[in-house]
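The block underneath contains the structure these notes are about, expressed in structure tokens.
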Amino acid sequence: MVKVLVLGGRFGGLTAAYNAKRLLGSKAEVKLMNQDRFTYFRPALPHVAIGVRDVEELRIDLASAMPEKGISFSQGKVEKIDAESRLVYYKKPDGTMGEEEYDYLMVGIGAHLGTELIKGWDQFGYSVCEPEFAVKLRDKLKDFKGGHITIGSGPFYQGKNLNPKVPKNFIPQADSACEGPVFEMSLMLHGYFTKKGMWDKVKVTVYSPGEYLSDLSPASRKAVAEIYKGLGIELVHDFRLKELREKEIVDEKGNKLESDLSILLPPYTGNPALKASTKDLIDDGGFIPTDLNMQSIKYDNIYAVGDSNSLTVPKLGYLAVQTGRIAAQHLASRLGVNTKVESYYPTIVCVADNPLEGYAVSVKDDTWYGGQISIAQPAAANHLKKELFTKYFMWTKGDMVLEKFLGSW
């Protein structure tokens, strides 16, 4: 039987695994490998930081969720891929090494959060990118008495060669991997401290390594700047973070911002496991170049989905799900299943929630890729949409079969 191995249990990997099994049925054995037994609905981790959700509410047990859909599960940390030998080397939970063979491989292990690139991270850094980070920030916010808060993203170390076999306008050069969570968290901070009656004791500064929210249209960026102006939030462009200190943060040019609490999306780099893999599988940044079917340009039995793919810019959940779905459809078509393969078209789709003030900003924008759609709407209904989307993800255990319809709400 054909063996399909999926690496990674987040948006891209889960979508690829669920769709591959649904389409292929008994034609293939589908197996998912993830470093941890549990995966989380990460778009709601900012909600953990402001105390409106608990981490346990957002957790899915892959060891039970996968077998329920006929998918095998293996816990292991991928160390490298030998594309020529069709082998994945991984570390088991007990620390011993293992090998996994495959006929077809779908890589969805994501990028690397380069916290080690920011001096002072261990002492002064806070984030919402991981469950433990969100809990740490929640505890810090509880005891925060006022002062300067900075929130922004570290640089994105995007690969440039080898290039994907796609239209050039589909892969713009980005200074930040994704700034949506920065926008969302900055709105949440206003709601959080307003509810506590402390907003007048807090000074929030949002910074970006380039132009803030450069993946949106000029009109949408202007609208965000006006929102910040109305809230009293300062916006700083071209601040490439280098160091965190007790009372300030410093960029690569030596510029400083006052900061009693430093919240950031760490720098994004290629996954170390991919950098250790067969060299011509990846680009010079450690991401896998593909065609529009998510198929490696060098190895036709390897697909890349989500953040692992050099095509997905920014590193966005909506694009991860889209790439996972297309990869599964293309593989099924190759294996004799009558399947329509969707056309990949990148679009920025996200919802920046502000639950403590009862609204969210819904964004749909393809202008970065040459399109004409530019929507950024604050509304109470958008908050409800995010609540329902969270419930949907948890109910389906990450099977985003309706996401292509829900993304257009």
Which value, rounded to the nearest 0.5 Å, describes the distance between N271 atom CG and D307 atom CG? 10.0 Å

Enclosure of N338 CG (heavy-atom neighbours >12, cutoff 6.0 Å): no

Report the C-alpha separation of K92 and M97 in whole Å, then their side-chain angles, then the decisive distance to 0.1 Å, and conclude whether the side-chain contact (heavy atoms from CB on, under 4.5 Å) test is met. CA-CA 6 Å; K92 301 176 183 179; M97 294 299 298; over 6 Å; no

Side-chain (K256) to main-chain (E248) donor-acceptor, under 3.5 angstrom: no

Interatomic spacing from OG1 in T390 to NZ in K385 - rounded to 0.5 Å: 14.0 Å

Looking at every non-hydrogen atom in both residues, tell me the closest pair between I50 and P355 and how far apart they are. CD1-CG, 3.8 Å

Point-to-point distance, once rounded to the nearest 0.5 Å, from CG of L241 to CG of L265: 11.5 Å

With a 6.0 Å cut-off (strictly less than), is the heavy-atom count around NZ of K242, excluding the residue itself, greater than 12? no

Taking the side chain from Q295 and the backbone from Y303, do they hold a donor-acceptor pair closer than 3.5 Å? no

Decide whether a cation-pi geometry holds between K275 and F287; the criteria are a distance under 6.0 Å from NZ or CZ to the six-membered ring centre and an angle within 45° of the ring axis. no

Kindly indicate whether a cation-pi arrangement holds for K80 with Y89, taking the cut-offs as under 6.0 Å to the six-membered ring centre and within 45° of the axis. yes

Validation row: D103, V4 side chains within 4.5 angstrom (heavy atoms): no

Would you confirm whether the ring centroid of Y192 sits within less than 6.0 angstrom of the ring centroid of F144? no

Do the side chains of E243 and R245 get close enough for a salt bridge, i.e. N-O under 4.0 angstrom? yes

Test your reading of the model: is there a side-chain donor-acceptor pair from T15 to the backbone of G12, 3.5 Å cut-off? no

Check the pair E101 / K3 against salt bridge (Lys or Arg N to Asp or Glu O under 4.0 Å), numbers first and verdict last. CA-CA 8 Å; E101 296 179 326; K3 181 174 181 179; over 6 Å; no

Does any N or O in the side chain of S333 come within less than 3.5 Å of the main-chain N or O of Q329, such that one atom is a donor and the other an acceptor? no

Measure the SG-CG distance between C350 and L319 for me, rounded to the nearest 0.5 Å. 10.5 Å

Which atom names give the shortest non-hydrogen contact between G398 and I60, and what distance separates them? N-CD1, 3.8 Å

Kindly indicate whether the side chain of S277, heavy atoms from C-beta on, has any atom under 4.5 Å from the side chain of D82. no

Less than 4.0 angstrom from a charged side-chain N to a carboxylate O is my criterion; do K247 and D260 meet it? yes

Contact between R325 and E342 at the side-chain level, heavy atoms closer than 4.5 Å - yes or no? yes

Check this for me, if you would: do K253 and D238 make a salt bridge, where the nitrogen-to-carboxylate-oxygen distance has to be below 4.0 angstrom? no

Return yes if a side-chain donor-acceptor contact under 3.5 Å exists between N301 and Y102, otherwise no. no

Considering only NZ, NE, NH1 and NH2 on the basic side and carboxylate oxygens on the acidic side, decide whether E179 and K315 come within less than 4.0 Å. no

Expected output: side-chain S208 to main-chain G210 donor-acceptor under 3.5 Å: yes

Does the side chain of S296 reach to within under 4.5 Å of the side chain of L281, using non-hydrogen atoms? yes

Please answer whether the main-chain N or O of V361 pairs with a side-chain N or O of N382 as donor and acceptor at a distance below 3.5 Å. no

Looking at E100 and K31, does any basic side-chain N land under 4.0 Å from a carboxylate oxygen? yes

Would you please say whether a donor-acceptor pair under 3.5 Å links the side chains of T290 and N309? yes

Start with the C-alpha gap between K391 and E57, add the side-chain angles, then the distance that decides, and say whether salt bridge (Lys or Arg N to Asp or Glu O under 4.0 Å) holds. CA-CA 10 Å; K391 293 180 182 297; E57 295 178 58; over 6 Å; no

Looking only at the side chains, is there a donor atom on one of D353 and H47 sitting less than 3.5 Å from an acceptor on the other? yes

Donor-acceptor pair between S220 and S374 side chains, under 3.5 angstrom: yes

Cation-pi check, R59 onto F38 ring (under 6.0 Å, within 45° of axis): yes

Pair E68-K397, salt bridge (Lys or Arg N to Asp or Glu O under 4.0 Å): steps then yes or no: CA-CA 10 Å; E68 287 175 7; K397 300 182 180 177; 3.0 Å; yes

Does atom CD of Q372 have more than 12 heavy-atom neighbours from other groups under 6.0 Å away? no

Do the charged groups of E387 and R53 touch, with an N to O distance under 4.0 Å? yes

Please list all pairs passing the salt bridge (Lys or Arg N to Asp or Glu O under 4.0 Å) test where one or both residues lie in residues 212-236, with sequence neighbours left out. E211-R221

Decide yes or no for V88 and E99: does some side-chain heavy atom of the first lie under 4.5 Å from some side-chain heavy atom of the second? no

Between the main-chain N or O of A63 and the side-chain N or O of D61, is there a donor-acceptor pair closer than 3.5 Å? yes

Lys/Arg-Asp/Glu bridge criterion (N-O < 4.0 Å) met for K69, D399: yes

Carboxylate-amine/guanidinium contact E252 R240, below 4.0 Å: yes

Could you grab the distance from atom OG1 of T39 to atom CE of M66, nearest 0.5 Å is fine? 8.5 Å

State the CG-OH distance between L235 and Y207, to the nearest 0.5 angstrom. 12.5 Å

With distance as the sole test, does D366 use its side chain to make a donor-acceptor pair with the main-chain N or O of Y369 at under 3.5 Å? no

Side-chain contact, heavy-atom cut-off 4.5 Å: D280 with Y299? yes

Donor-acceptor pair, D139 side chain versus K142 backbone, under 3.5 Å? no

Which heavy-atom pair separates A65 from Y18 by the least distance, and what is that distance? CB-OH, 4.1 Å

Looking only at heavy atoms, the pair that brings L316 and C178 closest together is CD1-SG, 4.1 Å

No-hydrogen, no-angle side-chain donor-acceptor test under 3.5 Å, T367 and S217: no

Nearest heavy-atom pair of I297 and N163: which atoms, and what distance? CD1-O, 3.6 Å

Residue pair I375, D365: steps toward the side-chain contact (heavy atoms from CB on, under 4.5 Å) verdict: CA-CA 6 Å; I375 302 170; D365 199 313; over 6 Å; no

Are there more than 12 heavy atoms of other residues, nucleotides or ligands under 6.0 Å from atom NZ of K77? no

Please determine if K201 forms a cation-pi arrangement with F193, meaning its NZ or CZ atom is less than 6.0 Å from the six-membered ring centre and no more than 45° off the ring axis. no

Output a table of donor-acceptor pairs, distance under 3.5 Å, between side-chain atoms of residues 109-132 and any protein atom two or more places apart or on a different chain; print 'none' if there are none.
residue : atom : partner : partner atom : Å
H112    : NE2  : E116    : OE1          : 3.2
H112    : NE2  : E116    : OE2          : 3.2
S127    : OG   : C129    : N            : 3.3
S127    : OG   : L264    : O            : 2.7
E130    : OE1  : R42     : NH1          : 2.9
E130    : OE1  : R42     : NH2          : 3.4
E130    : OE2  : R10     : NH2          : 3.4

Donor-acceptor check, side chain of Y212 to backbone of F183, threshold 3.5 angstrom: yes or no? yes

Please report the shortest heavy-atom distance between S186 and I151, naming the atom on each side. N-CD1, 4.0 Å

